[in-house]
Amino acid sequence: MKRHIVLLGPPGSGKDSQGKRLCAYLGVPIISTGEALRDEIARETGLGIRFKEVISQGRLVPDTDMYELIDELFERNNIANGFILNGFPRTVPQAEFLDKFLSDKKMKLDIALNLFVSEEEILRRISGRRTCTICGEVYNIYYSAPSQEGICDKCGGKLSQREDDKESSVKTRLSVYNDLTYPLYEYYRIKCLLVDINGEGKFGDVFCRIIGVVDD
Ligand code: AMP
């Protein structure tokens with residue numbers, strides 16, 4: 001079974017929700033850099049304040065700041081049985097850093113899962129995404145709408161759209177993805193770690209495809 005996992009895929013490909021389900025299935029932590037950064041913003045930490053603007057515009061936080069954050073997130077989580085990395089690496093230099101970082105800890109990656117989804121589907125998923133401002137539950141107004149518009153089914157909290165899910169930021173995120181993140185596929189393909197997974201279709205079907213390769 002593979003337990004040292006990187007999740008790749010464009011914004012809106014389902015990495016967050018599939019990653020959460022996979023972490024419960026494997027019993028290993030998920031380390032999501034996007035979520036960690038949103039938490040830094042909410043807590044108004046130095047990092048959060050410095051990069052709030054960059055993140056809301058859909059641009060990338062500088063690599064050196066990301067390396068410090070990764071170090072901290074690995075310290076904070078119990079990775080004895082493995083981990084799922086979501087949102088990191090996002091550039092080839094970050095992937096090189098990760099290789100060295102893991103090898104210093106006597107670990108290495110088992111697999112890089114690439115969830116691929118058409119651009120049309122990505123735009124629909126991102127534009128429809130709404131998150132509970134209280135408990136963080138994620139909905140989609142097209143696919144998994146709450147029973148009452150704008151209100152969380154779980155806790156009654158107000159739903160809002162992520163700042164970087166708004167149209168102009170999405171364009172930047174997709175172009176950053178194409179320019180900087182896409183080359184990662186070749187990086188992991190050469191190392192024979194890349195597995196492509198069709199991220200379209202029902203949530204449960206996509207999850208079955210994922211565990212099919214992780215359990216192998
Ligand atoms: P995500 O939730 O993974 O889509 O990340 C949201 C935002 O956080 C991204 O658009 C970036 O601004 C920032 N971010 C997350 N992970 C990274 C990373 N590995 N490198 C640089 N910026 C990141």
Side-chain angles (χ1 to χ4, degrees), residues 5-20 22-23 29-74 76-77 83-102 109 112-117 119 121-123 125-133 136-140 160-185 187-188 199:
I5 300 169
V6 160
L7 270 183
L8 300 172
S13 59
K15 297 189 301 297
D16 287 354
S17 41
Q18 293 291 348
K20 277 182 191 148
L22 187 61
C23 96
I30 180 161
I31 296 177
S32 297
T33 47
E35 209 164 291
L37 287 165
R38 283 188 287 281
D39 179 57
E40 299 274 336
I41 293 173
R43 289 189 293 117
E44 299 185 334
T45 63
L47 191 70
I49 292 167
R50 243 178 330 136
F51 295 113
K52 186 175 176 181
E53 184 89 0
V54 165
I55 294 167
S56 72
Q57 290 168 350
R59 295 185 289 129
L60 291 188
V61 170
D63 284 349
T64 45
D65 296 280
M66 290 310 299
Y67 301 158
E68 274 179 39
L69 181 66
I70 282 291
D71 203 14
E72 199 184 307
L73 293 173
F74 269 76
R76 232 190 270 165
N77 284 279
F83 58 80
I84 301 165
L85 264 174
N86 171 21
F88 189 96
R90 246 180 165 94
T91 62
V92 170
Q94 289 185 6
E96 289 165 349
F97 164 87
L98 182 64
D99 285 344
K100 166 93 174 55
F101 179 79
L102 292 177
L109 285 182
L113 291 175
N114 169 31
L115 280 180
F116 66 89
V117 173
E119 191 155 326
E121 174 76 6
I122 286 170
L123 292 174
R125 287 188 186 184
I126 295 182
S127 63
R129 181 156 60 187
R130 300 289 182 275
T131 310
C132 175
T133 47
E137 186 71 8
V138 181
Y139 297 85
N140 187 293
S160 75
Q161 187 173 34
R162 257 169 63 172
E163 208 46 51
D164 61 350
D165 276 350
K166 295 181 180 159
E167 203 178 328
S168 65
S169 303
V170 170
K171 280 193 189 135
T172 309
R173 283 164 73 201
L174 288 175
S175 88
V176 164
Y177 169 79
N178 285 327
D179 295 346
L180 298 174
T181 309
Y182 195 74
L184 278 182
Y185 297 125
Y187 182 88
Y188 286 122

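In each ligand, atom 1 is the first atom listed, and ligand 1 is the first ligand listed.
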Ionic contact status for R130 with D165, cut-off 4.0 Å:
no
May I ask you to identify the nearest protein heavy atom to atom 22 (N) of ligand 1, giving residue, atom name and distance to one decimal place in Å?
V61 N, 3.1 Å
For N86 and S32, which I'm curious about, is there any donor-acceptor pair between the side chains at under 3.5 Å?
yes
Using a 4.0 Å cutoff against the non-hydrogen atoms of R173, which atoms of ligand 1 qualify?
4 (O)
One finds that the ligand 1 atoms under 4.0 Å from a non-hydrogen atom of Q94 are 18 (C), 19 (N), 20 (N), 21 (C)
To the nearest 0.1 Å, how far is atom 7 (C) of ligand 1 from its closest protein heavy atom, and which atom is that?
I55 CG2, 3.9 Å
What residue and heavy atom of the protein are closest to atom 16 (N) of ligand 1, and at what distance?
T33 OG1, 2.8 Å
Under the side-chain contact (heavy atoms from CB on, under 4.5 Å) test against I84, which residue among I30, V6, I31 passes?
I30
So, regarding D16 and ligand 1 (criterion: nitrogen or oxygen to nitrogen or oxygen, under 3.5 Å), is there a contact or not?
no
Going by heavy atoms, is R162 under 4.0 Å from ligand 1?
yes
Closest approach of any protein heavy atom to atom 11 (C) of ligand 1, naming residue and atom
R59 O, 3.4 Å
Can you sort out the partners of Y188 under side chain to side chain donor-acceptor pair (under 3.5 Å), two or more places apart, ordered by chain and number?
none
Are the side chain of S13 and the backbone of F116 linked by a donor-acceptor contact shorter than 3.5 Å?
no
Below the 3.5 angstrom mark, is there an N/O of R90, backbone or side chain, next to an N/O of ligand 1?
yes
Polar-atom distance check: G87 versus ligand 1, any N or O pair below 3.5 Å?
yes
If only atom types and distance count, is the side chain of K15 paired as donor or acceptor with the main-chain N or O of G9 below 3.5 Å?
yes
Quick one: which of M66, R38, K15 has a heavy atom closest to atom 6 (C) of ligand 1?
R38
For R59, the salt bridge (charged side-chain N to carboxylate O under 4.0 Å, His left out) test, sequence neighbours excluded, returns none
Give yes if a backbone or side-chain nitrogen or oxygen of L37 is under 3.5 Å from a nitrogen or oxygen of ligand 1, and no if not.
no
F101 and Y67 aromatic centres sub-6.0 Å:
no
Side chain, backbone, both or neither: D164 near ligand 1, heavy atoms under 4.0 Å:
side chain
Test your reading of the model: is there a side-chain donor-acceptor pair from D39 to the backbone of E35, 3.5 Å cut-off?
no
